[in-house]
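The next block holds one structure in the form of structure tokens; read it before the comments.
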Amino acid sequence: MDTDTLMASFLRRGVLWPTAEIYGGLQGFYDYGDAGSSVKRNLETAWERWFVGLSPGYYRIDPALVLPESVLRASGHLDNFSDPLVACDACGERFRADSLLEEWGIKDVEGLKVEEIQAQFSQSERKCPKCGKGRLTPPKAFNLMFGLDIGPEGRERGYLRPETAQSSYLAFSRLWNVMRKKLPLGVAVVGRVYRNEIAPRQVLFRLREFTQAELQIFFDPEAPSPSWQVPPDARVPALTARSRAQGANRAEPVALRQLVESGEMPGFYAYHLYMAYRFYRDVLGYPEGQIRLFEKNDRERAFYNRIQYDIELNLESLGGFKEMGAVHYRGDYDLSRHSEGSKSDLGVTLDGGKHLIPHVLELTFGVDRNVWGLGDVHLHNEKDRIVWSLPPYLAPAVAGVLPLIPKEHGPIATMLYHTLRTEGFRVSMDESGSIGRRYARLDEIGVPFAITVDRESLSAQTYTIRSRDGKDQVRGSISDILSILRKAVVSPLSMGNPP
RNA sequence: GCGGACAUAGUGUAGUGGUUAGCACGCAAGCUUCCCAAGCUUGCAACCCGGGUUCAAAUCCCGGUGUCCGCACCA
């Protein structure tokens, strides 16, 4: 689906729209409407059921959005989450100070603090690399975090969290105790995060406020869970760093078990990478051929990530494969940093006396990106209608109740509507316009069923139920309808542990 | 942030200085209608914001905001 058609549909149906639109909007912010917030929430729920369900040792928390400066200093965000920028005073072109220093042959730029970069810079007499004439201004840190002054005097410096992960690390020692001191321990967070992006773009793809779904798994790398096994025949479309180095640019089916056996990838990593892949394929319904696992090489991944695969989706609207999520093996970086920063020992002593700082495997997902992805992949422009072929458990409602002739069938329809609600289904009702028009409205926001109340409903208490995808209809009693709806909203696969 | 393009009802658009700002779809009310955006009637609804030029600005100029594309950025 192309961006224009997708966005027009989303606007027309109130799936989402720009924040503060009547004031001209705000770059990098969008609001979700009824259908959009429902799809987003269903996606979050499906994510949680899938990933938290992977192990009895995985839990969910809901931490604060604001973090004190000390946390982000320890995590490295204060230094590394900002780009020192310099500008040319003649042509105005901007450069990253650290990349310039690298170009000029200064070593170990990676680990330099902003002040050190500034010092290095003031010693140089270089001219603008673009126009060759202008002088370069002193480096200025552009931090991608939104700062806050907390309290009436604003004495406490805080930030809106730039990722949910830090909160999980902070919660580790309390959870360790509450959850009875067992590894692996998984902590899931679904929540909003904030980044002051230089150039937000592409609607839901680069936002300044967005929702992440992340699972941080704390574990002992020498004794991973015995249940973390990839099935012997598990294959994923992968583009590994090694094959890219050899010139490959297309994903090939890779047998994960083989990578594990040949020692290229630890088993705990392969298992979670596989489950992440399956979430996209089986739960979100992205076609196999449009997903790929893209391994970041040494240069591309963050220094604390030992292994990093991005899960990418080929999106027509964005012209290629885009990152929708990732699996990072972060080692003991996070708990070590926070042990140091907070002066509290985040190491644990296992039953048997072994002491270690748990390692972290991070599974991270962009929720908004995936709402967009669901639109791009599942919204179809058929010849006489637009259909959003969402998996039913992600749809904003499972059914719409439609009185064929509102004046005659309205009251029964209202009763049916309340009955279905009482049974726990999300349903809508629409009495406006011809029946075909009402079907079309439901199709476009992805509602999988339409239940029509007609003459026979009055005499025989039966209703027709029409499916979104096939436009076919069957007639049935309330209990028939309930069983159809029940079947639809349960994922075809078990939403927890896979077979 | 830089450069370029663009901004008209809910959506898609027409409109090159003087228009009651047009069209389509949509939406609403009514009639009709027992099933896929049907028909008839009647309505609703827009020039992104702020300055300037001009007798007169949707139209020209400047600034802002926003969107898209390229560059840069994406820990």
Take atom CG of A:Asn305 and atom P of B:C74, then tell me their distance rounded to the nearest Å. 15 Å
Distance to the ring centre below 6.0 angstrom and angle to the axis at most 45 degrees; does that hold for A:Arg192 and A:Tyr194? no
Between B:U59 and B:U8, how far apart are the C1' atoms? Round to whole Å, please. 11 Å
Using the side chain to side chain contact (heavy atoms under 4.5 Å, CB included) rule, take A:Leu6 and A:Val203 through it: C-alpha gap first, then chi angles, then the decisive distance, then the call. CA-CA 11 Å; A:Leu6 182 53; A:Val203 195; over 6 Å; no
Comparing A:Gly25 with A:Glu300, nearest RNA chain B nucleotide closer to 5' gives the residue A:Gly25
Nearest-angstrom distance, P atom, B:U54 to B:A45: 35 Å
When you check every protein heavy atom under 4.0 Å of nucleotides 36-52 of chain B, what one-letter string (B, S, -) results, 5' to 3'? BBB--------------
For the P atoms, the ones on B:A37 and on B:C44, what distance do you get once it is rounded to whole angstrom? 27 Å
Checking all strands, does A:Tyr463 fall into the base, sugar-phosphate, or nothing category for heavy-atom contacts under 4.0 angstrom? nothing
Let me know the distance between CD of A:Gln27 and C1' of B:G64, rounded to the nearest Å. 13 Å
Any pair with a residue in residues 8-18 of chain A that passes salt bridge (Lys or Arg N to Asp or Glu O under 4.0 Å), sequence neighbours left out, goes on the list, sorted by first then second residue, please. A:Arg12-A:Glu444, A:Arg13-A:Glu444
Please report the distance, rounded to the nearest Å, between CG in A:Leu318 and P in B:C74. 19 Å
Kindly say whether A:Leu239 contributes a backbone atom to a donor-acceptor pair with the side chain of A:Ser243 at under 3.5 angstrom? no
Pairwise C1' distance for B:C31 and B:G10, with rounding to whole Å: 26 Å
Please state the P separation for the pair B:G22 and B:C61 - nearest whole angstrom. 25 Å
Distance between the P atoms of B:C48 and B:U11, in whole angstroms? 13 Å
Cut-off 3.5 Å, no hydrogens considered: what does the side-chain donor-acceptor table look like for residues 313-324 of chain A, sequence neighbours left out?
from, atom 1, to, atom 2, distance (Å)
A:Glu316, OE1, A:Met1, N, 2.6
A:Ser317, OG, A:Trp372, NE1, 2.9
A:Ser317, OG, A:Asp376, OD2, 2.6

The residue, A:Glu21 or A:Gly76, whose nearest nucleotide of RNA chain B is more 5′ is A:Glu21
Output yes when a side-chain donor or acceptor of A:Arg466 lies under 3.5 Å from a complementary backbone atom of A:Lys471, and no otherwise. no
From CG of A:Leu26 across to P of B:U65 the rounded distance in Å is 11 Å
Find the distance between CZ (A:Arg369) and CD (A:Gln202) and round it off to the nearest 0.5 Å. 9.0 Å
In terms of ring plane angle, is the pair A:Trp47 and A:Phe365 parallel, tilted or perpendicular, where the classes change at 30° and 60°? perpendicular
Can you list the residues that meet the side-chain hydrogen bond (donor to acceptor under 3.5 Å, both in side chains) rule with A:Arg41, with sequence neighbours excluded? none
Write down the distance separating the P atoms in B:A72 and B:C27, rounded off to the nearest Å. 45 Å
Atom pair distance, as rounded to whole Å: CG in A:Leu144 and C1' in B:C73: 8 Å
Assign A:Ala8 to base, sugar-phosphate, or nothing according to its heavy-atom contacts below 4.0 angstrom with the strands shown. sugar-phosphate
Separation of A:Glu431 atom CD from B:U33 atom P, in whole Å? 18 Å
Answer yes or no: does a side-chain N or O of A:Ser432 lie under 4.0 Å from OP1 or OP2 of B:A28? yes
If pairs are Watson-Crick or G-U with both distances under 3.5 Å, what is the dot-bracket string of RNA chain B, marking crossing pairs with [ ] and pairs to another strand with |? (((((((..((((....[...))))((((((.......))))))...(((((..]....))))))))))))....
Within residues 399-417 of chain A, residues whose heavy atoms come under 4.0 Å of RNA chain B: A:Leu404, A:Ile405, A:Lys407, A:Glu408, A:His409
Atom pair distance, as rounded to whole Å: CG in A:Asp4 and P in B:A7: 14 Å
In whole Å, measure the gap between the C1' atoms of B:A7 and B:C47 for me. 10 Å
Holding to side-chain hydrogen bond (donor to acceptor under 3.5 Å, both in side chains), I want the full list of residues that pass it with A:Asp469, two or more places apart in sequence or in another chain. none
Donor-acceptor under 3.5 Å (A:Arg201 side chain, A:Arg206 main chain): no
Validation: residues 426-433 of chain A side-chain donor-acceptor distances under 3.5 Å, sequence neighbours left out:
from, atom 1, to, atom 2, distance (Å)
A:Arg426, NE, A:Pro396, O, 2.5
A:Arg426, NH2, A:Ser38, OG, 2.8
A:Asp430, OD1, A:Ser432, N, 3.0
A:Asp430, OD1, A:Arg441, NH1, 3.3
A:Asp430, OD2, A:Arg441, NH1, 2.7

Taking only residues two or more places apart in sequence, or in another chain, which ones meet A:Thr3 in a side-chain hydrogen bond (donor to acceptor under 3.5 Å, both in side chains)? none
Selected nucleotide, minimal atom distance to A:Leu11 side chain, candidates B:U11, B:U67, B:C73: B:U11
For A:Glu295 and A:Asn297, which I'm curious about, is there any donor-acceptor pair between the side chains at under 3.5 Å? no
Using side-chain hydrogen bond (donor to acceptor under 3.5 Å, both in side chains) as the criterion, list what pairs up with A:Ser339, not counting sequence neighbours. none
Grab the CH2-C1' distance between A:Trp17 and B:G66 for me, whole Å please. 18 Å
Contact check, residues 448-461 of chain A vs RNA chain B, heavy-atom distance under 4.0 Å, returns A:Thr452, A:Asp454, A:Arg455
Going by the rule ring pair (Phe, Tyr, Trp, His ring centres under 6.0 Å), which residues pair with A:Tyr304 if we only count those two or more places apart in sequence or in a different chain? A:Tyr333
